[in-house]
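This report concerns only the one structure given below.
Bear in mind that the values here come from a model prediction, so they are computed numbers and not experimental data.
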Amino acid sequence: MMNNNSWESWTTERIQQFQVEFLEWYQKEKRNLPWRYNQDPYRVWISEIMLQQTRVDTVIDYYYRFMEAFPSIADLAETPEDKLLKIWEGLGYYSRARNLQTAAKQILNEFSGQFPHTIDDIRSLKGIGPYTAGAIGSISFKLPEPAIDGNVMRVVSRLFCIEADIAKASSRKIFDEAMRKIISHEEPGDFNQAMMDLGSSICTPTAPKCEVCPIREFCLAFKEQRQTEFPVKSKKMKPKDVYYVAGIIENNQQEFLLEQRPDSGLLASMWLFPLEEISAAKFTELKSSYTEELNLFSSELVAEDSPIIFSADPVVWQKKILGEVTHIFSHLRWHILVFYGRTNDTLIDRGTWVKRADFDDFVFPKPQQKILGVWEKNQTSDNHW
């Protein structure tokens, strides 16, 4: 497909009219969000990182909690990592939190504790790409820099009937060129946020509300009634399926075995019940062989015919599946069968034994929270050893 670069035909007068009408709409309809209370770059930065891959309504409570725990760049830079990850727990994509702390240390060491105010310097911070740099630069420092995310690409692709595939990194320069043509140099931050709000509330992916759109008279796709053709986006690869069993192992002190993930890679340094990767065939076999009908603490907790999992550990497994958990990462889909077992041996050579009441002291990723939820759902009042 070819692009017609229709923004090139916009006159100065048309651009000014567009900006005035669009910004007037934004001032009337902008969302009341806690990070918009002022233009402090630290507040803007934290919010933009949190909003990556995460819904606004989910982020709000995390944002309040984060800012209370780390009200300044120095507080963030100097906090222990486990405290940072505990505050972040449940948001996912934990590398974002680690990058925030690395960048905070950069600001202290390289910029004397002051948030950098040029695009190149902002981009030099760990974890900050073109979109986040544009958001911070425009909102906090009034730099006429586009902040181009999926919402903005959708709006702009319809505004100008841009046929470039938004799934391709090479297409970004096309949207960057279009945005630089129309962005307000007086109020670039408001302009970028207006684009974000329009994309999230009106110019939605499948059912754009063109009847209430403040810029429909400027929109080429609306004029040609081609709104649903944009944006052009090729299908991304499906996540790879990976299969696990999870072992909830309890000793006679009513402690549970937790293992810490390696300090790099997926879910780095976080804590989970023991996991063992198995084949899809083994997963299907276990799922069909062990039912979910028994009570958790029934007499069926016997060694004979128990599932053969974690065979190196002296554990008596219950002859049932507590439940099944699915969790999707960007590139992987985890399928987890959850089993419960007991042991008299506290010398299992891995992990650490933890009381249920102390779980809050450990950073649990979302899959672990789901597994824990399965266990709690299966509990009964008869939980004696």
Find out whether [X] and [Y] are in side-chain contact, i.e. whether some heavy atom of one side chain is under 4.5 Å from a heavy atom of the other.
| X | Y | result |
| --- | --- | --- |
| Trp334 | Val325 | no |
| Leu85 | Phe362 | no |
| Phe70 | Leu100 | no |
| Leu275 | Pro367 | no |
| Val338 | Phe273 | no |
| Gln227 | Gln225 | yes |
| Tyr131 | Val152 | no |
| Leu286 | Ile309 | yes |

side-chain contact (heavy atoms from CB on, under 4.5 Å) between Phe141 and Ile119, intermediate numbers included: CA-CA 10 Å; Phe141 303 110; Ile119 286 297; over 6 Å; no
Approximate separation, where rounding is to 0.5 Å, of [X] [atom1] and [Y] [atom2]:
| X | Y | atom1 | atom2 | result |
| --- | --- | --- | --- | --- |
| Lys105 | Gln101 | NZ | CD | 4.5 Å |
| Arg216 | Phe222 | CZ | CZ | 4.5 Å |
| Arg14 | Ile182 | CZ | CD1 | 10.5 Å |
| Arg154 | Leu198 | CZ | CG | 9.0 Å |
| Arg31 | Met196 | CZ | CE | 9.0 Å |
| Ile162 | Ser6 | CD1 | OG | 7.0 Å |

Is it the case that over 12 heavy atoms from other parts of the model lie below 6.0 angstrom from the [atom1] atom of [X]?
| X | atom1 | result |
| --- | --- | --- |
| His117 | NE2 | no |
| Lys355 | NZ | yes |
| Lys282 | NZ | yes |

Cluster question for you: counting only ILVMFWY and a side-chain heavy-atom cut-off of under 4.5 Å, with indirect links fine, are [X] and [Y] together?
| X | Y | result |
| --- | --- | --- |
| Ile49 | Met67 | yes |
| Val20 | Met179 | no |
| Tyr93 | Leu125 | no |

Give the minimum heavy-atom separation between [X] and [Y], together with the two atoms involved.
| X | Y | result |
| --- | --- | --- |
| Trp88 | Tyr62 | O-CE2, 3.9 Å |
| Gln114 | Ile107 | O-CG2, 3.5 Å |
| Gly134 | Ser138 | O-OG, 2.7 Å |
| Ile202 | Val212 | CD1-O, 3.8 Å |
| Asn38 | Asp40 | OD1-N, 3.0 Å |
| Tyr64 | Pro34 | OH-CB, 3.5 Å |

Would you confirm whether the ring centroid of [Y] sits within less than 6.0 angstrom of the ring centroid of [X]?
| X | Y | result |
| --- | --- | --- |
| Trp271 | Phe359 | no |
| Trp375 | Phe256 | yes |
| Phe115 | Tyr42 | no |
| Phe22 | Tyr26 | no |

Check whether [X] reaches the backbone of [Y] with its side chain - one donor and one acceptor, N or O, closer than 3.5 Å.
| X | Y | answer |
| --- | --- | --- |
| Glu21 | Ile215 | no |
| Gln19 | Ile183 | yes |
| Thr79 | Asp75 | no |
| Thr132 | Ile128 | no |
| Arg98 | Ala268 | yes |
| Arg342 | Val316 | no |
| Ser140 | Gly137 | no |
| Arg261 | Leu272 | no |
| Gln106 | Ser124 | yes |
| Arg158 | Cys219 | no |

Steps toward side-chain contact (heavy atoms from CB on, under 4.5 Å) verdict (Leu332, Leu266): CA-CA 10 Å; Leu332 297 173; Leu266 189 63; 4.0 Å; yes
Strictly by modelled atom types, are [X] and [Y] linked by a side-chain donor-acceptor pair under 3.5 Å?
| X | Y | value |
| --- | --- | --- |
| His327 | Lys366 | no |
| Gln52 | Arg96 | no |
| Asp165 | Ser234 | yes |
| Asn5 | Glu177 | no |

Strictly below 4.0 Å, N to O, side chains only: are [X] and [Y] in salt-bridge contact?
| X | Y | answer |
| --- | --- | --- |
| Arg180 | Glu145 | yes |
| Glu89 | Lys86 | yes |
| Glu8 | Lys181 | no |

Val56 and Leu51: CA distance, side-chain angles, deciding distance, side-chain contact (heavy atoms from CB on, under 4.5 Å) verdict: CA-CA 6 Å; Val56 169; Leu51 287 164; 3.7 Å; yes
Parallel, tilted or perpendicular: rings of Phe218 and Trp10 (30°, 60°): tilted
Ring geometry between Phe283 and Tyr243 (parallel below 30°, tilted from 30 to 60°, perpendicular above 60°): tilted
Contacts of Glu376 that satisfy side chain to side chain donor-acceptor pair (under 3.5 Å) - sequence neighbours left out: Arg356
Step-by-step side-chain contact (heavy atoms from CB on, under 4.5 Å) determination, Ser184 to Leu23: CA-CA 9 Å; Ser184 168; Leu23 291 173; 4.1 Å; yes
